[in-house]
Participant: 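Following this message is one structure expressed as structure tokens.
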Amino acid sequence: MISSLSIGVLALQGSYDAHLQSLKKLSIVARLIHRPEHLATIDALIIPGGESTAMLELLKKTGSFWEELQQFVHKKPCLGTCAGAILLASNVENPAQDCLGSLDITVKRNAYGRQLQSSIHSGKCKYDDGSIELVFIRAPKIVRIGPAVEVLAEHDGSPIWVKQGQTMATTFHPELTLNKIVYKKWIENIKHEISNF
Amino acid sequence: MTKLYKNTDDLRLKVGLAEMLKGGVIMDVTDARQAEIAQRAGASAVMALERVPAQIRSEGGVARMAAPQKIREIMSAVSIPVMAKCRIGHFAEAQILQELGVDYIDESEVLTPADEEHHVDKHGFVVPFVCGAQNLGEALRRINEGAAMIRTKGEAGTGDVVHAVKHMRNITREIRLLTQLQDSELFSCAKDLQAPYELVRMVAKTGKLPVPNFSAGGIATPADAALVRQLGAESVFVGSGIFMKDSVTFCSEAEAESRAKAIVRATVYFEDPKILLETAAELLGTMKGMAISQLAPNDLLQHRGES
């Protein structure tokens with residue numbers, strides 16, 4: 001199933017290239033998604049880090065991209081990292097902005113501050129030996145999670161890696177670390193959900 | 001005080017933010033209003049300036065770091081990253097900008113250089129730096145000093161894309177040539193490039209710069225942005241081309257917004273001629289500009305700080 005899974009990376013702006021390189025190291029060839037009609041060609045989508053305002057503007061001005069993406073994220077497995085988590089959320093603060101709503105979380109943008117407050121930590125998650133490297137860049141904070149949301153990792157008392165059904169999101173950047181656990185668990189989860197279906 | 005971080009984690013955070021800016025447009029702005037227009041149009045970051053390069057060019061005088069209150073006003077107006085320029089070699093301006101909390105510093109030839117010999121030792125800063133380069137050797141010298149992003153050094157403020165093209169072609173051609181050399185030829189090549197051997201070897205092996213490679217200088221239209229993207233730029237800086245009517249006066253807000261939006265779309269859809277046609281057609285006007293070939297050699301900014 002994994003070998004036949006077609007993964008796309010939303011490539012309007014941001015760290016799509018870093019995601020592509022990370023997937024390559026796991027021997028996964030992903031395709032870059034620039035246009036709404038590309039969504040029909042993939043089984044799962046990664047929404048990368050970058051500027052959520054820039055991605056929103058492009059999604060809303062490119063045909064029916066926003067509407068089609070909204071349908072996609074409610075039906076198919078997605079992984080959102082940083083700005084991707086902001087787009088997948090059901091509520092965004094600082095400032096409020098539109099979001100896709102497939103993850104029942106509230107996200108506060110730039111919650112730790114600006115680039116000078118960007119940082120790298122070693123943290124714990126609930127898988128394997130639990131160690132995970134956390135690269136935070138102008139990171140958002142998950143300030144509320146709904147009852148259906150499972151927390152897979154925390155940092156400083158806040159959830160930083162969450163899951164709801166087929167959808168996962170991180171406030172850190174798995175695409176900027178050599179540790180590939182987020183990708184592995186996301187793909188395992190997709191496989192699991194498909195076999196349970 | 002400047003914190004001295006010299007570890008690799010620090011460099012990863014600096015290059016990491018550059019990764020987040022890929023595929024986007026970084027726009028020069030001179031006040032909060034322009035910053036809001038840029039953000040609304042989909043800019044991935046803004047460059048906070050006192051005067052845009054076209055004004056600096058026409059007004060003359062010593063061009064320095066923007067006033068902190070001006071930068072602060074822009075930082076509080078938008079949620080996207082805010083960059084600011086310091087003069088080449090002016091590490092005290094850089095210290096002030098870091099203390100102010102800007103997200104990136106452009107050590108820029110557009111401002112009047114403060115040091116004829118040395119650039120800022122960028123390893124000594126927590127804030128990341130972008131520097132300009134006309135060719136591969138210059139790019140690697142800046143990376144060696146700690147730059148986490150490279151941009152071409154096309155003639156700022158002219159609206160003439162010819163040197164942004166020249167520099168991007170120089171850099172990509174020199175990289176392609178390097179990948180064809182034998183290991184034993186890299187030592188002499190490093191000498192020719194006047195760049196550190198280790199960095200030359202890294203580029204020869206990977207076929208790319210170790211940091212993102214963006215384009216800047218004279219990019220004024222959506223077609224210009226698509227041109228440099230097709231030549232290998234991972235993102236573009238647009239200066240005077242968005243908000244200027246000519247080198248002295250600003251264009252209307254409606255016109256600026258139409259240009260900003262069109263350039264953002266052209267930067268993303270740079271390989272799609274159908275969308276490029278739409279972006280060119282929706283423009284309300286373009287900056288008048290001045291041809292670089294008509295400038296006196298002394299008026300060229302790109303040769304500042306090239307060693």
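Here is how names work: the chains are called A, B, and so on, in the same order as the sequence lines, proteins then strands, and each is numbered from 1. Just so we're clear, the structure is a prediction, and the values are computed from it rather than from any experiment. Heavy-atom basis, side chains included; hydrogens, waters and symmetry copies ignored.
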Participant: Starting at NZ of Lys261(B), measure out to NZ of Lys61(A) and round the result to the nearest 0.5 Å.
Facilitator: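 The NZ atom of Lys61(A) is 4.0 Å from NZ of Lys261(B), to the nearest 0.5 Å.
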Participant: Counting only non-hydrogen atoms closer than 4.5 Å, does Val25(B) touch chain A with its backbone (N, CA, C, O), its side chain (CB onward), both, or neither?
Facilitator: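 Contact with chain A is absent: no heavy atom of Val25(B) under 4.5 Å.
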Participant: Could you check whether Glu133(A) pairs with Arg12(B) (Lys NZ or Arg NE/NH1/NH2 to Asp/Glu carboxylate O, under 4.0 Å)?
Facilitator: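 Result for this pair is yes, salt bridge flagged.
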Participant: Measuring from atom OH of Tyr16(A) to atom CE of Met20(B), what distance do you get when rounded to the nearest 0.5 angstrom?
Facilitator: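 Tyr16(A) OH to Met20(B) CE: 12.0 Å, rounded to 0.5 Å.
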Participant: Select all residues of residues 37-45 of chain B having any heavy atom within less than 4.5 Å of some heavy atom of chain A, and report them by number, or 'none'.
Facilitator: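 Gln39(B), Arg40(B), Ala41(B), Gly42(B), Ala43(B), Ser44(B) fall under the 4.5 Å cut-off.
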Participant: Is Arg114(A) reaching over with its side chain to a backbone N or O of Gly101(B), donor-acceptor style, under 3.5 angstrom?
Facilitator: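 Side chain of Arg114(A) to backbone of Gly101(B): a pair is present.
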Participant: Non-hydrogen atoms of chain B under 4.5 Å away: do they reach the side chain of Pro95(A), the backbone, both or neither?
Facilitator: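 The side chain, not the backbone.
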Participant: Short question: side chain of Asp17(A), backbone of Glu19(B) - any donor-acceptor pair under 3.5 Å?
Facilitator: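 The answer is no, because no donor-acceptor pair under 3.5 Å joins these two groups.
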Participant: With a 4.5 angstrom heavy-atom cut-off, which part of Tyr269(B) approaches chain A: side chain, backbone, both or neither?
Facilitator: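 Just its side chain gets close to chain A.
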Participant: With chain A as the partner, which of Pro212(B), Ser235(B), Pro128(B) has the greatest number of non-hydrogen pairs under 4.5 Å?
Facilitator: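 Option with the greatest count: Pro128(B).
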Participant: Pick from Arg109(A), Gln115(A), Glu57(A), Gln117(A): which one has the most heavy-atom pairs with chain B under 4.5 Å?
Facilitator: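 Sorted descending by pairs with chain B, the first entry is Gln115(A).
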Participant: Rounded at 0.5 Å granularity, tell me how far CG in Asp272(B) sits from CZ in Arg35(A).
Facilitator: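 CZ of Arg35(A) is found 5.0 Å from CG of Asp272(B).
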Participant: Would you compute the distance between atom NZ of Lys14(B) and atom OG of Ser118(A) and round it to the nearest 0.5 angstrom?
Facilitator: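 If we round to the nearest 0.5 Å, Lys14(B):NZ and Ser118(A):OG are 12.0 Å apart.
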Participant: Check whether any side-chain heavy atom of Pro81(B) sits under 4.5 Å from a side-chain heavy atom of Glu51(A), and report yes or no.
Facilitator: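 The answer is yes; the side chains approach within 4.5 Å.
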Participant: Does any heavy atom of chain B fall under 4.5 Å from the side chain of Leu58(A), the backbone, both, or neither of them?
Facilitator: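 For Leu58(A), the contact with chain B is made by the side chain alone.
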Participant: For the CG atom of Leu13(B) and the CG atom of Leu176(A), what is their distance to the nearest 0.5 Å?
Facilitator: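 Reported value, rounded in 0.5 Å steps: 8.5 Å.
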Participant: Count the heavy atoms belonging to other residues, nucleotides or ligands that lie under 6.0 Å from CZ of Phe91(B), then report whether that count exceeds 12.
Facilitator: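 12 or below, so no.
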Participant: Please check if the number of heavy atoms outside Lys185(A) that lie under 6.0 Å from its NZ is greater than 12.
Facilitator: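 More than 12 heavy atoms, drawn from other residues, nucleotides or ligands, come within 6.0 Å of this atom.
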Participant: Just how far is it from atom OG1 of Thr53(A) to atom CD1 of Ile80(B), taken to the nearest 0.5 Å?
Facilitator: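 Thr53(A) atom OG1 to Ile80(B) atom CD1 measures 5.5 Å (nearest 0.5 Å).
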Participant: Can you tell which part of Ser52(A) gets under 4.5 Å to a heavy atom of chain B, answering side chain, backbone, both or neither?
Facilitator: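 Looking at Ser52(A), nothing touches chain B.
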Participant: Would you say Lys60(A) has more than 12 foreign heavy atoms packed within less than 6.0 Å of its NZ?
Facilitator: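 Enclosed: over 12 neighbouring heavy atoms sit under 6.0 Å from NZ of Lys60(A).
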Participant: Name the region of Ile137(A), side chain, backbone, both or neither, that has any atom closer than 4.5 Å to a heavy atom of chain B.
Facilitator: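 Interface part for Ile137(A): side chain.
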Participant: Find the one option among Val135(A), Thr177(A), Thr62(A) whose heavy-atom pairs under 4.5 Å with chain B are most numerous.
Facilitator: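 Highest number of pairs under 4.5 Å: Thr62(A).
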Participant: Measuring heavy-atom distances to chain B, does Glu175(A) have an atom under 4.5 Å in its side chain, in its backbone, in both, or in neither?
Facilitator: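 Side chain only.
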